[in-house]
Amino acid sequence: METSARSTQLNDQLEAHSISWGEAIDSLGYGPRLDPILDELTAIIGDEVPALACGSLSHNVDHDKRELDDSGNVIFPDQPNLYDVIVVTDRLIILTWGYLRDVLPTPARELTTVRARKNISQVTVSTTPGQERFPGDMATHHDVALTFIDGSELKIPNAEEDLTPAGIAALSALIPEFYAVMSA
């Protein structure tokens with residue numbers, strides 16, 4: 001299967017697993033701008049099928065171009081200016097993130113990190129579904145932190161309360177697999 005067809009499948013999975021990804025892609029038409037990022041990810045994962053693909057587009061400020069109002073408060077942009085994606089396959093865990101700059105037709109990729117699942121050394125589940133996340137706000141999905149043998153850490157998912165029911169199920173199914181990796 002060619003890269004662009006696999007990229008479309010990955011985008012579909014991101015939309016199926018992440019609320020904000022689907023909303024931003026549909027309402028803002030960001031699909032074409034993000035195609036180079038998805039092409040890179042599909043080249044990394046090859047023929048593997050992602051067990052979880054979660055992504056978010058957020059309104060974080062671009063610190064190089066931060067705008068402040070008269071009172072010195074940060075003015076957030078009208079449209080997302082930061083993307084991040086986590087893809088988990090049977091063998092790999094991939095994180096990529098970067099900026100969506102108005103002046104560039106494609107994202108400015110900051111970092112892509114690829115880790116082997118076999119190198120997980122610690123699994124921390126900090127929040128479970130139904131647990132109070134904030135006063136009066138119940139968590140709908142797990143928050144998981146993975147530590148790797150090199151000491152690096154990755155938190156999954158990349159945004160609170162952003163997983164769809166399919167994403168919630170995918171992450172829930174992965175937790176026992178992460179534990180099994182450490183006991184193998």
Requested in this report: Can you spot which of V85, D162, D84, N158 makes a side-chain contact (heavy atoms from CB on, under 4.5 Å) with W21?
Outcome: V85

Query - Check: S58 main-chain N/O paired with S56 side-chain donor or acceptor under 3.5 Å - result: no

Query - All side-chain contact (heavy atoms from CB on, under 4.5 Å) counterparts of A16, not counting sequence neighbours - result: none

Query raised in the report: How would you list, by chain and number, every residue that makes a side chain to side chain donor-acceptor pair (under 3.5 Å) with E153, sequence neighbours excluded?
Result: none

**Report entry** Polar side-chain atom of E40 near backbone of I44 as donor-acceptor pair, under 3.5 Å
**Finding:** no

Query - Residues that R117 engages under salt bridge (Lys or Arg N to Asp or Glu O under 4.0 Å), provided they are two or more places apart - result: E177

Requested in this report: In sequence, state the C-alpha distance, the side-chain angles, and the governing distance for L146 and V123, and then conclude on side-chain contact (heavy atoms from CB on, under 4.5 Å).
Outcome: CA-CA 5 Å; L146 303 176; V123 178; 4.0 Å; yes

Requested in this report: State whether a side-chain donor-acceptor pair under 3.5 Å links T124 with Q122.
Outcome: yes

Report summary line: The salt bridge (Lys or Arg N to Asp or Glu O under 4.0 Å) partners of E161 (sequence neighbours excluded) come to R133

Query - Hydrophobic cluster membership, F148 vs L52, 4.5 Å side-chain cutoff - result: yes

Query raised in the report: Going hydrophobic residue to hydrophobic residue with side-chain gaps under 4.5 angstrom, can you get from M138 over to I168?
Result: no

Requested in this report: Test R109 against T96 for side-chain contact (heavy atoms from CB on, under 4.5 Å), laying out the working first.
Outcome: CA-CA 8 Å; R109 184 177 63 76; T96 189; 3.8 Å; yes

Query raised in the report: Are M182 and I149 connected, step by step, through hydrophobic side chains (Ile, Leu, Val, Met, Phe, Trp, Tyr) whose heavy atoms are closer than 4.5 Å?
Result: no

Query raised in the report: Are the side chain of T42 and the backbone of L38 linked by a donor-acceptor contact shorter than 3.5 Å?
Result: yes

Query raised in the report: Is the closest side-chain heavy-atom distance between L10 and T8 below 4.5 Å?
Result: no

Report task. Report yes or no: does E48 contribute a side-chain atom to a donor-acceptor pair with the main-chain N or O of R91 at less than 3.5 Å? Result -> yes

Query - Side-chain heavy atoms of N119 within contact of D150, under 4.5 Å - result: no

Report task. Apply the test side-chain contact (heavy atoms from CB on, under 4.5 Å) to residues D143 and V125: give CA-CA distance (whole Å), side-chain angles for both, the deciding distance (0.1 Å), then the verdict. Result -> CA-CA 6 Å; D143 288 339; V125 178; over 6 Å; no

Report task. For D35, check side chain to side chain donor-acceptor pair (under 3.5 Å) against everything at least two apart and list the hits. Result -> none

Query raised in the report: Mind checking whether T147 and S152 have side chains closer than 4.5 Å, heavy atoms only?
Result: no

Query raised in the report: Under 3.5 Å, is there a donor-acceptor pair between the side chain of T128 and the main chain of Q131?
Result: no

Requested in this report: Side-chain contact test, heavy atoms from C-beta onward, threshold under 4.5 Å: evaluate it for L100 versus L82 and give yes or no.
Outcome: no

Requested in this report: Check the pair L154 / I156 against side-chain contact (heavy atoms from CB on, under 4.5 Å), numbers first and verdict last.
Outcome: CA-CA 6 Å; L154 176 65; I156 303 174; 4.2 Å; yes

Query raised in the report: If two hydrophobic side chains count as joined below 4.5 Å and joins carry through other members, does L95 share a cluster with F178?
Result: yes

Requested in this report: Consider only side-chain heavy atoms of I, L, V, M, F, W and Y, link residues closer than 4.5 Å, and tell whether V49 and I93 are in one cluster.
Outcome: no

Report summary line: Residue set satisfying side-chain contact (heavy atoms from CB on, under 4.5 Å) with Q13, at least two apart, ordered chain then number -> H17, P50, A53

